[in-house]
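Working notes, beginning with the structure itself.
Being a predicted model, the structure only gives us computed values, none of them experimental. Letters A, B, ... mirror the listed sequences (proteins, then strands); counts begin at 1.
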2 protein chains.
Amino acid sequence: MSIQGLFPIAKWDFQTESILAGLDAAERDLLLANRQDQVYRKGDTVFREGTFPSGIFYIQKGKIKKFKIDDNRREQIIYVANKGELIGYHALLSQGRHPDSAAALEECMLSFIPADDFLRAIQQSPALSQRLLKTLAHEFAVLANSLSLFTHKSVRERLALQLIVMREKYKDRFEPGMVVAIRLSREDLSNLVGTARENVVRILAEFKREGIISTKGSTILVNDVNKLIAIADYK
Amino acid sequence: MSIQGLFPIAKWDFQTESILAGLDAAERDLLLANRQDQVYRKGDTVFREGTFPSGIFYIQKGKIKKFKIDDNRREQIIYVANKGELIGYHALLSQGRHPDSAAALEECMLSFIPADDFLRAIQQSPALSQRLLKTLAHEFAVLANSLSLFTHKSVRERLALQLIVMREKYKDRFEPGMVVAIRLSREDLSNLVGTARENVVRILAEFKREGIISTKGSTILVNDVNKLIAIADYK
DNA sequence: GGATAAAACTGATAAAAATCACTTTTAAAA
DNA sequence: TTTTAAAAGTGATTTTTATCAGTTTTATCC
């Protein structure tokens, strides 16, 4: 999905489509037959990079960050998954370990789907494997895009861009021109932008002075998306 | 495949497996029935980001760079594909446009496979879609890893790392301790590392002084991979 | 083999980002 | 409600990277 439908190309295309949405009732039932619902509190780990998977997770409620931690214990957030998305399937598909870690950004409800059920569903449902192929190809486009952004955009531009993306993820109703509240720690935000926390704080202060955002406690309120778009899109 | 089998984890895992290698003869024939062989000279474009695909390409000979160009015409190389790999399938799978461009790094021989043949082969061969799912999941791991490297490693570290990766791609025989010749312009190398050409040149000069590499014309000869590994892996 | 255009290389300088050393504010617990 | 630990915020400084303005070397075409 493009942000506000204004930008048709991949640059602004950060949303992964829901895999389950494209399946019929029978296929969904096959996949979800033995699911186990689990509550995760803010900060709880879902799975850890380098471990072998025992199944996948369907996000019933909440937001999950997918991230990698380097040798100096610095975290890079790869993607923020939202309600309706599946996570943890890459490891099962590649027959290896989890390539990233996952943790709850807020209180979440996840359905655990055992590995056997998932793999059986792929075998028996061509629709599911088609859907997965489409999703994975799209994920490639999104990540390739991120890579290009990281090397060619400044921290200020990347922060503006991530605020636009997070605004989409944190709005649950659809009202044009609405002020969206982004509840994300400065630490998480800087790990998403790929810079030090201090830089994020400083640039947020600039955005505040420029009337683009305001804050209420540590929550960020986006007042003027168009200015963020202008900053992120600067050539 | 891990570099030299020494590093089992994703950090050193940059090689995409061959998709065709896992298929049986009948499945290969199905896919390659209407292929058209084409020669590409160094620098020739194979496909361009944002265009709709008419098929995919199998690399019979040579190396192809996959890259994105930003608004300021700066290029970021996402991946270097080698002999035996398929390229251009992401757009067909996601039913959209090419997420990146592709061009020949050296004289190449490519087999063009029409879209219909590829899509029909996926429909008819569960082995092919399994294989594709595995490859795409692995590509995700590789790209997620690159993203983390770009944000947390210095230019010097990234250059050392890419020289290790390119050394693997440019060696066609297997002799332990062999000096491998990397024929890659400084421009392409800097677009791979994600920095300015001048920085690459300067750091290459350092590596030369330290006896890690030598040059013959613009070709880079890697004399001491272990020192490169030590630099790239520095914590 | 010499002309010449392109690529490689070098040094100086400017700009951006990271790091350090704090103070202030916020939110959770007692 | 008060305490207090964690998170947010600020300023100064250092380090890294980008940019500019060239010279030298390499490779290709007559």
TODO: Please work out if A:Arg156 contacts a base, only the sugar-phosphate, or nothing of the nucleic acid, heavy-atom cut-off 4.0 Å.
DONE: nothing
Open item on the list: Does C:dA18 have OP1 or OP2 under 4.0 Å away from a side-chain N or O of A:Asn199?
Closed with: yes
- [ ] Could you say whether A:Arg158 or A:Gly217 is positioned toward the 5' end of DNA chain C, judged by the nucleotide with the nearest heavy atom to each?
- [x] A:Arg158
TODO: Any pair with a residue in residues 148-173 of chain B that passes ring pair (Phe, Tyr, Trp, His ring centres under 6.0 Å), sequence neighbours left out, goes on the list, sorted by first then second residue, please.
DONE: none
Open item on the list: OP1 or OP2 of C:dT10 versus the side-chain N and O atoms of B:Arg186: is any pair under 4.0 Å?
Closed with: no
- [ ] Starting at atom NE2 of A:His152, determine the distance to atom C1' of C:dA16, rounded to an integer number of angstrom.
- [x] 16 Å
Task: Distance test, side-chain N/O of B:Arg183 to OP1/OP2 of D:dA27, below 4.0 Å - done: no
- [ ] Classify the side chain of B:Glu198 versus the base of C:dC9 as yes if they form a donor-acceptor pair under 3.5 Å and no if they do not.
- [x] no
Open item on the list: So if I take every side-chain heavy atom of B:Arg74 and compare against D:dT17, D:dT19, D:dA8, which nucleotide ends up nearest?
Closed with: D:dT19
Task: Any donor-acceptor N or O pair under 3.5 Å, side chains B:Glu106, B:Tyr40 - done: no
- [ ] Could you tell me the separation between the CG atom of A:Leu159 and the C1' atom of C:dA18, rounded to a whole number of Å?
- [x] 16 Å
Task: Quiz item: B:Arg202 side-chain donor-acceptor pair to D:dT19 base, under 3.5 Å - done: yes
- [ ] For A:Ala196 and for B:Ser218, locate the closest nucleotide of DNA chain C by heavy-atom distance; then report the residue assigned to the nucleotide nearer the 5' terminus.
- [x] B:Ser218
Open item on the list: I'd like to know if B:Arg156 pairs up with B:Glu210 as an ion pair, taking the criterion as any Lys NZ or Arg NE/NH1/NH2 lying under 4.0 Å from an Asp or Glu carboxylate oxygen.
Closed with: yes
Task: Interatomic distance where CD1 belongs to B:Ile220 and P belongs to C:dA7 [whole Å] - done: 16 Å
Open item on the list: How many whole angstroms separate atom CD of A:Glu157 from atom P of D:dA18?
Closed with: 14 Å
Open item on the list: The criterion is ring-ring contact (aromatic ring centres under 6.0 Å, His included); which residues satisfy it with B:Tyr58, sequence neighbours excluded?
Closed with: none
Task: Carboxylate-amine/guanidinium proximity below 4.0 Å for B:Asp100 and B:Lys66 - done: yes
- [ ] Round to a whole Å and report the spacing from CG of A:Asp188 to C1' of D:dA7.
- [x] 12 Å
- [ ] Using atom CD1 of B:Ile213 as one end and atom P of C:dA8 as the other, report the distance to the nearest whole Å.
- [x] 13 Å
Open item on the list: Could you tell me how far apart A:Leu204 (CG) and C:dT25 (P) are, to the nearest whole angstrom?
Closed with: 17 Å
TODO: Would you indicate what A:Val155 reaches in the nucleic acid, counting non-hydrogen atoms under 4.0 angstrom: base, sugar-phosphate, or nothing?
DONE: sugar-phosphate
Task: D:dA18 phosphate, OP1 or OP2, under 4.0 Å from B:Thr195 side-chain N/O - done: yes
- [ ] To the nearest Å, give me how far apart CG (B:Leu184) and C1' (C:dA7) are.
- [x] 13 Å
